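Because the structure is predicted, anything quoted here is derived from the model rather than measured.
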Amino acid sequence: MEVKRVNYEYDQNGRYTPENVIKGSPSAMTNNVYTDKTENFHAGSWFATPGIWSFEQKTEEFCYLIEGEVKLTNSEGKEFTFKAGEGLVIPSGFKGTWETVKPIKKVYAVYERKIESKL
């Protein structure tokens, strides 16, 4: 079994534009370096440029900001601001907006629950 290094390098293959953009022209890039055998757990690095977009979190996510600043606002209007050197957990079911205030670089660990159909 191997130990994986989380690189902070840009991976052009992971570049995309966030959906549901509200303000700005943000771009983001995912560099997923690990997915477990069940495909429920993922880890890697993520980058984003300034902008605001709405989202609904469908996974449990821990992230640690290496650079930048981000503001999350929940559906009730409560704001949560995080800067480089801080970690955060975004629970599955969170609904609101993501604002990249200053370009960010983060590392993440995501757990995705798989719901089996009982048909």
Side-chain angles (χ1 to χ4, degrees):
M1 193 165 272
E2 268 183 61
V3 175
K4 299 285 185 176
R5 181 179 307 278
V6 176
N7 295 317
Y8 306 117
E9 300 169 359
Y10 292 98
D11 179 356
Q12 293 298 329
N13 293 325
R15 186 178 201 83
Y16 67 98
T17 300
E19 296 179 6
N20 308 314
V21 172
I22 296 169
K23 182 178 179 185
S25 299
S27 67
M29 191 175 306
T30 300
N31 184 10
N32 194 71
V33 297
Y34 179 77
T35 298
D36 74 343
K37 291 177 186 178
T38 67
E39 297 185 355
N40 289 357
F41 180 77
H42 313 277
S45 55
W46 188 80
F47 312 86
T49 61
I52 302 172
W53 58 92
S54 64
F55 75 105
E56 180 176 346
Q57 187 73 12
K58 296 180 180 169
T59 60
E60 306 290 342
E61 178 176 1
F62 167 78
C63 47
Y64 180 82
L65 297 179
I66 305 297
E67 296 177 0
E69 181 178 343
V70 63
K71 180 169 63 175
L72 280 72
T73 305
N74 68 16
S75 57
E76 291 83 37
K78 185 170 182 180
E79 296 179 352
F80 307 86
T81 300
F82 301 92
K83 297 179 180 179
E86 296 182 311
L88 61 140
V89 173
I90 308 170
S92 179
F94 177 93
K95 294 179 186 178
T97 59
W98 175 286
E99 178 179 1
T100 300
V101 178
K102 296 179 183 174
I104 67 164
K105 180 188 291 186
K106 72 175 186 177
V107 292
Y108 65 84
V110 171
Y111 179 73
E112 183 176 3
R113 289 192 176 114
K114 303 286 186 191
I115 300 172
E116 294 185 28
S117 175
K118 295 186 178 187
L119 296 178

Heavy-atom pair with the smallest gap, counting every atom of Phe47 and Lys105:
CE2-CG, 3.3 Å
Can you get from Leu65 to Phe55 by hopping between Ile, Leu, Val, Met, Phe, Trp and Tyr side chains that sit under 4.5 Å apart?
yes
Aromatic plane relationship, Trp46 with Tyr16 - under 30° parallel, 30 to 60° tilted, over 60° perpendicular
tilted
Check whether Asn40 reaches the backbone of Tyr111 with its side chain - one donor and one acceptor, N or O, closer than 3.5 Å.
no
Do the side chains of Tyr108 and Leu72 join up, straight or via other hydrophobic residues, at under 4.5 Å, putting them in one cluster?
yes
Transitively linked via ILVMFWY side-chain contacts under 4.5 Å: Ile52 with Val21?
no
Distance-only side-chain donor-acceptor flag, Thr30 / Asn32, under 3.5 Å
no
In Å, rounded to the nearest 0.5 Å, how long is the span from OH of Tyr64 to NZ of Lys106?
14.0 Å
Verify whether one side chain among Thr59 and Gln57 offers a donor that lies under 3.5 Å from an acceptor in the other.
yes
Given the rule in the side chain to side chain contact (heavy atoms under 4.5 Å, CB included) test, do Lys83 and Lys71 qualify, once you have shown the distances and angles that lead to the verdict?
CA-CA 9 Å; Lys83 297 179 180 179; Lys71 180 169 63 175; over 6 Å; no
Look at Glu76 together with Lys95 and state whether they make a salt bridge at an N to O cut-off of under 4.0 Å.
no
With a 4.5 Å cut-off on side-chain heavy atoms, are Val70 and Phe80 touching?
no
On a heavy-atom basis, the closest approach of Pro91 and Val89 is CD-O, 3.6 Å
On a heavy-atom basis, which atom in Ser27 and which in Pro18 lie closest, and how many Å separate them?
CA-CD, 4.2 Å
Quick check: closest heavy atoms across Trp98 and Thr100, and the distance to 0.1 Å?
NE1-OG1, 2.9 Å
What are the two closest heavy atoms between Pro50 and Val101, and how far apart are they?
CG-O, 4.0 Å
For Arg113, is there an ion pair with Glu60 - N to carboxylate O distance below 4.0 angstrom?
yes
Look at the side-chain heavy atoms of Ile, Leu, Val, Met, Phe, Trp and Tyr, link any pair under 4.5 Å apart, and say whether Phe94 and Ile104 land in one connected group.
yes
Using the side chain to side chain contact (heavy atoms under 4.5 Å, CB included) rule, take His42 and Glu112 through it: C-alpha gap first, then chi angles, then the decisive distance, then the call.
CA-CA 8 Å; His42 313 277; Glu112 183 176 3; 3.4 Å; yes
